[in-house]
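Convention: sequence-line order gives letters A, B, ...; per-chain numbering from 1. Computed from a prediction, not measured in an experiment: that's the story for all the values here.
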Number of protein chains: 2
Amino acid sequence: MANRFDTKTRILDAAERLFAERGFSETSLRLITSKAEVNLASVNYHFGSKKELIRAVLARYLDVFMPAASQAINTQRKLEQQATLEQIFSSLVGPLLKLNQLCPDGTRTFLQLLGRGYIESQGHLRWFITSHYGEHLQTFVRAVTESVPEIPAADIFWRLHFTLGTVVFTMASADALMEIAAADFAEQNDIAAVIRKVIPYISAGVAVSGK
Amino acid sequence: MANRFDTKTRILDAAERLFAERGFSETSLRLITSKAEVNLASVNYHFGSKKELIRAVLARYLDVFMPAASQAINTQRKLEQQATLEQIFSSLVGPLLKLNQLCPDGTRTFLQLLGRGYIESQGHLRWFITSHYGEHLQTFVRAVTESVPEIPAADIFWRLHFTLGTVVFTMASADALMEIAAADFAEQNDIAAVIRKVIPYISAGVAVSGK
DNA sequence: AATTATTTTAAACGAGTGTTTAAAATAATC
DNA sequence: GATTATTTTAAACACTCGTTTAAAATAATT
């Protein structure tokens, strides 16, 4: 079971690539199964429905990323008595890039899926994540709060959601942006480069002192 | 013509609300025409196709916002020899809030449409905007560039797109966020208040010196 | 080897999509 | 007021969608 070439895995692999590229509702089961070279009905046989397939695709990444992320943050906290925001955000880079071992281009795929999910599911994904990975999320929020103790909790709430928007939107359109950057500025970026670009931006935004 | 109650306007009004709430591909012409209380075929009669209806919905806002925005920036530039980033972003608040006169909740609707369009249209909207409102965009980008001359053009490109993500994502989930803020922090916000919160965040992010 | 359980398959189902058509209704023009 | 032009309408078209079905093929168990 869980063979790299069995039907279930072939479906997940094809689905995650297409979902990330085109979005969930724009990707038909017929397209997925034709790319995966499996029968159309096998999706409903193995996953029950398209909605459950979407969840399975997301869970395969979240189950790896979320524990790794909170563990990285805790490790960071033990190294530095008082980690900076940039250090906290940077500690997520490792777990993110490790997803490339899960699938080729796993990091980009995961972040794009996250972006698409947040935008398409109108809060449904937010509920799924907080209810399934709430403890890991709290680890992160607590680390941020401690690193900028002068910022009121309400402002941190708002700014972390601004940050979520930044990351999610950027990743959903990362392909297009990298293409434009290559054409207009002769920049050759990959997803790791985009992540490095976004960290100073979000760190400065969350930490800014102005009201 | 252009009556508030004629078929064409009723279609646009219903469409923009549904597009902003649910996205373009998730909104059927049948849903639009039933909410607008017009016949299904009238969309194709007046607009030709769904794709052209989407463009018309966006254009109705862009035609108002874009000139107002670039004019506000030019006015700002004459007041201050060297405007700060925060001043530049703030000068967009007026034109944004003025959209509420166009339609109830016009500001949020516009920003949500913009976000949906950028993500769903695979770069099609970006082309549409730059080709139709390129001069106004350049006014804005030039003002930003001049206010942070030490930032390379490529970094400005990336950070302005981060900013776009921050704003459209925040506006898309503004209702839910304001509700949470009210419950958890006893904050009573409206859209204008959220915009005031986001300006220091994006200003700090765009201006940050760290590589 | 025979029987049972699991998986795969082709075909169809019913519902929903954007679009087109041609006739009916309304408005504008002479 | 008769004749155009414009707009509205109901119906159908051709297509795609997720899902279901029941038979065929494969695997596992006894």
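- For A/Ile119, the side-chain contact (heavy atoms from CB on, under 4.5 Å) criterion is met by A/Val168, B/Arg116, B/Ile119, not counting sequence neighbours.
- Remark: A/Val198 pairs with A/Thr166, A/Ile202, B/Phe162 by the side-chain contact (heavy atoms from CB on, under 4.5 Å) rule, at least two apart or across chains.
- With sequence neighbours excluded, the residues forming a side-chain contact (heavy atoms from CB on, under 4.5 Å) with B/Ile180 are A/Phe157, B/Asp184, listed by chain and number.
- B/Glu21 pairs by the side-chain hydrogen bond (donor to acceptor under 3.5 Å, both in side chains) definition with B/Arg17, not counting sequence neighbours.
- The side-chain contact (heavy atoms from CB on, under 4.5 Å) check on A/Leu92 picks up A/Ala69, A/Ile73, A/Phe140, with sequence neighbours excluded.
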Going 5' to 3' along nucleotides 8-20 of chain C, which nucleotides have protein heavy atoms under 4.0 Å from the base (write B), which only from the sugar-phosphate (write S), and which from neither (write -)?
BBB-B----BBBB
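- Between the CZ atom of A/Arg10 and the P atom of C/dT7 there is a distance of 16 Å, given to the nearest Å.
- One can place CG of A/Leu53 at 15 Å from C1' of D/dC17, the figure rounded to the nearest angstrom.
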